[in-house]
Amino acid sequence: MGEFVLNVNGAHQRVNAPPEETLLSVLRNRLNLTGTKYGCGEGQCGACTVLLDGRAVRSCMVSAASAINKQITTIEGLETNGKLTPVQQAFLDEGAFQCGYCTSGMILGATSLLHQKSNPTEEQITAAMEGNICRCGSHPRILDAIKRAARPQPKGAAR
């Protein structure tokens with residue numbers, strides 16, 4: 001066991017855990033941030049996606065110790081002052097979820113994509129989201145939500 005500090009959703013969190021414990025396990029079991037889901041445990045489904053320094057990563061494949069001195073963002077850390085991000089709002093507007101298990105990973109993956117490329121093509125969205133699995137079959141609505149979030153909004157327009 002070791003004690004270290006992680007920067008999670010803008011707050012420094014003291015953690016007492018083995019350094020090789022996965023970031024997913026630390027987030028869920030030690031910090032009670034349960035929006036990050038355990039899916040396959042092999043980095044293949046995307047349910048555990050978080051942002052590490054703004055890039056989407058599979059938290060089941062990252063040791064907690066390797067995230068020291070990096071900014072970790074979970075689904076709980078996206079909204080600001082009660083206001084959803086454009087990606088979160090687009091997922092709501094498009095009904096881009098059914099059971100919701102994949103939703104946080106999908107939203108964080110889409111957020112990472114749109115930070116890298118503000119106006120991606122449908123092909124770029126599909127390629128970036130490959131590996132995020134929705135077992136309910138909501139992929140068409142998820143794609144629509146990401147396209148909606150990427151659309152420029154007129155100033156002052158409500159999302």
Side-chain angles (χ1 to χ4, degrees), residues 6-11 13 15 21-64 67 70-153 157-159:
L6 295 175
N7 185 346
V8 182
N9 299 328
Q13 301 285 342
V15 176
E21 186 171 337
T22 66
L23 181 57
L24 170 63
S25 177
V26 167
L27 292 170
R28 288 185 59 79
N29 301 328
R30 299 186 187 275
L31 299 178
N32 201 33
L33 295 170
T34 58
T36 304
K37 304 298 184 200
Y38 178 88
C40 67
E42 298 177 358
Q44 300 298 311
C45 72
C48 69
T49 301
V50 298
L51 301 180
L52 198 59
D53 287 340
R55 293 259 197 234
V57 299
R58 305 297 196 248
S59 64
C60 72
M61 303 301 295
V62 175
S63 71
K70 296 183 178 169
Q71 173 59 50
I72 302 159
T73 306
T74 68
I75 193 71
E76 294 92 345
L78 282 184
E79 60 85 22
T80 305
N81 298 321
K83 184 167 173 48
L84 298 177
T85 67
V87 174
Q88 290 173 305
Q89 189 62 55
F91 268 67
L92 282 174
D93 294 345
E94 295 293 334
F97 47 86
Q98 282 185 42
C99 80
Y101 203 81
C102 71
T103 305
S104 63
M106 293 283 190
I107 287 172
L108 287 159
T111 298
S112 177
L113 167 65
L114 295 179
H115 280 273
Q116 295 169 44
K117 185 157 196 66
S118 62
N119 192 21
T121 65
E122 186 167 327
E123 293 76 25
Q124 290 168 323
I125 294 170
T126 301
M129 298 305 290
E130 191 169 301
N132 284 76
I133 298 170
C134 172
R135 293 175 189 237
C136 298
S138 295
H139 285 97
R141 291 190 306 271
I142 290 167
L143 182 63
D144 289 343
I146 297 168
K147 289 191 277 190
R148 175 188 283 251
R151 262 187 247 138
Q153 296 294 310
R159 282 197 167 253

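- Not a single donor-acceptor pair under 3.5 Å links the side chain of Thr80 to the backbone N or O of Lys83.
- With contacts defined as side-chain heavy-atom distances shorter than 4.5 Å, the pair Arg55/Gln116 qualifies.
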**Message:** Does Asn7 form a side-chain contact (heavy atoms from CB on, under 4.5 Å) with Lys70? I'd like the steps, not just the answer.
**Reply:** CA-CA 7 Å; Asn7 185 346; Lys70 296 183 178 169; over 6 Å; no

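- Nearest heavy atom pair, residue Ser138 against residue Cys134, reads N-SG, 3.3 Å.
- Nearest heavy atoms, Gly82 versus Glu79: N-OE1, 2.6 Å.
- Checking side-chain atoms of Thr121 against main-chain N and O of Gln124 turns up a donor-acceptor pair under 3.5 Å.
- Taking OG of Ser63 as the reference point, atom CG of Leu24 lies at 12.5 Å (rounded to 0.5 Å).
- Heavy-atom minimum distance, Ala150 versus Leu114: CB-CD2, 3.8 Å.
- A heavy-atom distance below 4.5 Å is found between the side chains of Val8 and Leu33.
- With contacts defined as side-chain heavy-atom distances shorter than 4.5 Å, the pair Ile125/Leu113 qualifies.
- For the atom pair CD (Glu42) and SG (Cys60), the distance works out to 8.0 Å, reported to the nearest 0.5 Å.
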**Request:** For the pair Arg135 and Gln98, evaluate side chain to side chain donor-acceptor pair (under 3.5 Å) and give the outcome as yes or no after the intermediate values.
**Result:** CA-CA 9 Å; Arg135 293 175 189 237; Gln98 282 185 42; over 6 Å; no

**Prompt:** For Leu84 and Phe91, what are the C-alpha separation, side-chain angles and deciding distance, and is it a side-chain contact (heavy atoms from CB on, under 4.5 Å)?
**Reply:** CA-CA 10 Å; Leu84 298 177; Phe91 268 67; over 6 Å; no

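- If you run side-chain contact (heavy atoms from CB on, under 4.5 Å) between Ile107 and each of Thr49, Val87, Asn132, only Val87 comes through.
- Under the 3.5 Å distance criterion, the side-chain polar atoms of Thr73 are left unmatched by any main-chain donor or acceptor of Asn9.
- When every heavy atom of Ser104 is checked against every heavy atom of Gly35, the shortest pair comes out as OG-O, 2.6 Å.
- With sequence neighbours excluded, the residues that form a side chain to side chain donor-acceptor pair (under 3.5 Å) with Glu76 are Thr74.
- Asp53 and Gln71 are not linked by any side-chain donor-acceptor pair at a separation below 3.5 angstrom, with hydrogens and angles left out of the test.
- For Glu21 and Arg30, the salt-bridge test passes: some basic side-chain N is under 4.0 Å from an acidic carboxylate O.
- Between Ala96 and Ala145, the shortest heavy-atom distance links the atoms CB-CB, 3.9 Å.
- The CE atom of Met61 sits 12.5 Å away from the CG atom of Leu23 when rounded to the nearest 0.5 Å.
- Minimum heavy-atom separation, Thr22 to Ser59: CB-O, 3.8 Å.
- Rounding to the nearest 0.5 Å places SG of Cys102 at 4.5 Å from CD1 of Ile142.
- With hydrogens and angles disregarded, a donor-acceptor distance shorter than 3.5 Å links the side chain of Gln88 to the backbone of Thr85.
- For the atom pair CG (Leu108) and SG (Cys48), the distance works out to 10.5 Å, reported to the nearest 0.5 Å.
- The OH atom of Tyr38 sits 15.0 Å away from atom CG of Leu27, with the distance rounded to the nearest 0.5 Å.
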**Item:** From CA spacing to verdict: side chain to side chain donor-acceptor pair (under 3.5 Å), Thr126, Glu122
**Value:** CA-CA 6 Å; Thr126 301; Glu122 186 167 327; 5.2 Å; no

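- Counted by atom type alone, Gln89 and Arg148 present zero donor-acceptor pairs between their side chains at under 3.5 Å.
- Residues that satisfy the side chain to side chain donor-acceptor pair (under 3.5 Å) test with Arg28, not counting sequence neighbours, are absent from this structure.
- For the pair Arg58 and Val62, the minimum side-chain heavy-atom distance is 4.5 Å or more.
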